[in-house]
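Below is one structure, written out as structure tokens; comments come after it.
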Amino acid sequence: MSSIKSDDSFLDSSLRPGNWGEYVGQTAIKNNLSILLKAASERNHPPEHLLFYGPPGLGKTTLAHLIARETGSNLKSTAGPAIEKVGDLASILTNLTAGDILFIDEIHRLNKSIEEMLYPAMEAGSLNIIIGKGPGARVIELALPPFTLVAATTRIALLSSPLRSRFSGGTFKLEFYTDEEITQIVKRSAKILGIPIEDKAITEIAKRSRHTPRIANHLLKRCRDFSQVKKESITIANVRETITMLGIDELGLSKNDCLVLETMIDKFNGGPVGLNTIATATNEEEATIEDVYEPYLIQCGLLERTPRGRVVTNRAYRHLGRALPKSRQESLL
């Protein structure tokens, strides 16, 4: 089992772009980072702290790796949930060397005391450690080597204003990719994996990937498995068969995406309905609906957020093959 996991990990890392030229999409962010990194290099100083946010799978971790590679720095990675105590963060910071990149994924999940410990580390390059308790307690200030904090989050609203303001290098939002960009990514991944694939099959995978590189690569690997078992190259026909087996429709919606829409239509007449009610009715967590399902459904124009709650759009009715309620038909007249 361990060898299987390491092989999967190797595959995922091998598909990660190795330089800016291989990184497709997010042009505005790449242009800004190019200037920031070049200016920092000319000053012989580590880049300023950076924050990336957006839905999962758009390349936040990849950007951290590219920044480390472009600056010739060591990358130390961790995640918000992994830093449970103040001592955990102190250990990480004191083990940094000059010029290191510290990457913290899901930084919004840091607890308040740990977050406050980051403030002097980011601003003044120092670490304040309290020794002792009560009236005899004292604070020792440790100087830290110059470093760059690169953080990523899928829920920027959960970051406090003081923490957000300390990312002096900039806060960047990653956007969903276009079909053309996803097509380039799938084509590159297929070449790296040595998979023979038709151009039409690449386009079909891109069309159903929810405009997300991680999902596109996942679908490509599943299509590879299907074709390998059948001893065929990847054609548009077996791509469609594979993706249908995975329960993904032509818009890239999964069964769970459709369940959210169908539940709102069947039980709540298409809305408006509150997030908590949808979560209860679909047996999902609110955070899962808000972070995983909603962004893409809204982007596709299938769901709307209103002051009164979530509402299924007319386009969603048509996509699911459902008849519009009379109230909506009358409003169209």
Side-chain angles (χ1 to χ4, degrees), residues 24-26 54-59 154 174-187 189-190 197-226 234-273 275 278-279 281-282 284 288-306 309-325 328 332:
V24 177
Q26 312 296 344
L58 296 185
T154 54
L174 277 75
E175 303 289 348
F176 283 107
Y177 289 65
T178 65
D179 286 342
E180 292 75 18
E181 290 168 343
I182 293 293
T183 297
Q184 292 180 52
I185 291 169
V186 174
K187 190 174 291 186
S189 297
I197 183 170
E198 295 178 352
D199 287 343
K200 288 183 178 179
I202 291 175
T203 303
E204 189 70 16
I205 291 174
K207 190 171 70 175
R208 304 201 192 202
S209 66
R210 302 169 71 100
H211 306 293
T212 303
R214 181 182 296 163
I215 294 175
N217 285 328
H218 166 74
L219 294 179
L220 174 65
K221 288 187 283 187
R222 299 294 71 79
C223 291
R224 173 203 58 185
D225 295 343
F226 183 88
I234 301 180
T235 64
I236 189 170
N238 56 36
V239 163
R240 286 174 177 168
E241 190 173 350
T242 303
I243 293 178
T244 300
M245 286 173 60
L246 294 172
I248 297 171
D249 70 14
E250 61 274 11
L251 274 185
L253 302 186
S254 67
K255 291 179 179 178
N256 290 333
D257 293 311
C258 293
L259 176 63
V260 170
L261 297 175
E262 289 167 352
T263 299
M264 292 178 65
I265 291 171
D266 295 337
K267 297 184 178 180
F268 307 103
N269 201 31
V273 56
L275 178 61
I278 298 172
T282 56
E284 286 278 8
T288 302
I289 293 174
E290 197 169 24
D291 296 339
V292 179
Y293 305 137
E294 271 194 356
Y296 187 65
L297 292 175
I298 291 172
Q299 192 207 24
C300 288
L302 304 174
L303 190 69
E304 288 181 355
R305 284 181 183 174
T306 72
R310 276 67 172 172
V311 177
V312 175
T313 66
N314 291 351
R315 186 184 179 193
Y317 277 90
R318 289 192 295 270
H319 178 70
L320 296 172
R322 300 296 187 91
L324 287 174
R328 295 202 182 200
L332 293 175

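In this chain, residues are counted from 1 in sequence order. Please read all numbers here as calculations on a predicted model, not as lab measurements.
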Legend entry - T263 side chain reached by F268 side chain, heavy atoms, under 4.5 Å: yes
Inset, instruction - Return the orientation label for the F176 and H211 ring planes: parallel under 30°, perpendicular over 60°, tilted otherwise. - result: perpendicular
Legend entry - Heavy-atom side-chain contact between I234 and F226 under 4.5 Å: no
Inset, instruction - Could you tell me the separation between the OG1 atom of T313 and the CZ atom of R315, rounded to the nearest 0.5 Å? - result: 7.5 Å
Legend entry - Side-chain (S189) to main-chain (V186) donor-acceptor, under 3.5 angstrom: no
Inset, instruction - Could you tell me whether a side-chain N or O of Q26 sits under 3.5 Å from a main-chain N or O of E175, the two making a donor and an acceptor? - result: yes
Inset, instruction - Show your reasoning for whether salt bridge (charged side-chain N to carboxylate O under 4.0 Å, His left out) applies to R208 and E204. - result: CA-CA 7 Å; R208 304 201 192 202; E204 189 70 16; 2.9 Å; yes
Legend entry - R310 vs E304 side-chain heavy atoms within contact, under 4.5 Å: no
Legend entry - Sidechain-backbone polar pair: R322 side chain, E262 backbone, donor-acceptor under 3.5 Å: no
Legend entry - Gap separating the CD1 atom of I215 from the CG atom of L220, nearest 0.5 angstrom: 13.5 Å
Inset, instruction - Give me the one residue out of K267, M264, E290 that meets side-chain contact (heavy atoms from CB on, under 4.5 Å) with I278. - result: M264
Legend entry - Within-4.5 Å side-chain heavy-atom neighbours: E250 and H319: yes
Legend entry - Flag side-chain contact, heavy atom, 4.5 Å: I205 against C223: yes
Inset, instruction - Hey, could you give me the CD1/CZ distance between I248 and R222, rounded to the nearest 0.5 Å? - result: 11.0 Å
Legend entry - Considering all heavy atoms, the nearest I197-I202 contact: CD1-CG1, 3.7 Å
Inset, instruction - Decide yes or no for L302 and L251: does some side-chain heavy atom of the first lie under 4.5 Å from some side-chain heavy atom of the second? - result: yes
Legend entry - Nearest heavy atoms of L261 and V312, plus distance in Å: O-CG2, 4.0 Å
Legend entry - Minimum-distance pair of heavy atoms, taken over all atoms of I182 and S209: CG2-OG, 3.3 Å
Legend entry - Approximate separation, where rounding is to 0.5 Å, of L259 CG and L253 CG: 12.0 Å
Legend entry - Minimum heavy-atom distance P55-T154, with the two atoms named: C-CG2, 4.3 Å
Legend entry - From T203 atom OG1 to I236 atom CD1, the distance as rounded to the nearest 0.5 Å: 7.5 Å
Legend entry - Rounded distance (nearest 0.5 Å) linking atom OH of Y177 with atom OG1 of T183: 13.5 Å
Legend entry - Contact check, side chains of D257 and D249, non-hydrogen atoms, under 4.5 Å: no
Inset, instruction - Please examine the side chains of V239 and L219, heavy atoms only from C-beta on, and report whether any two atoms are closer than 4.5 Å. - result: no
Legend entry - Closest non-hydrogen atom pair, I185 against P213: CD1-CG, 3.7 Å
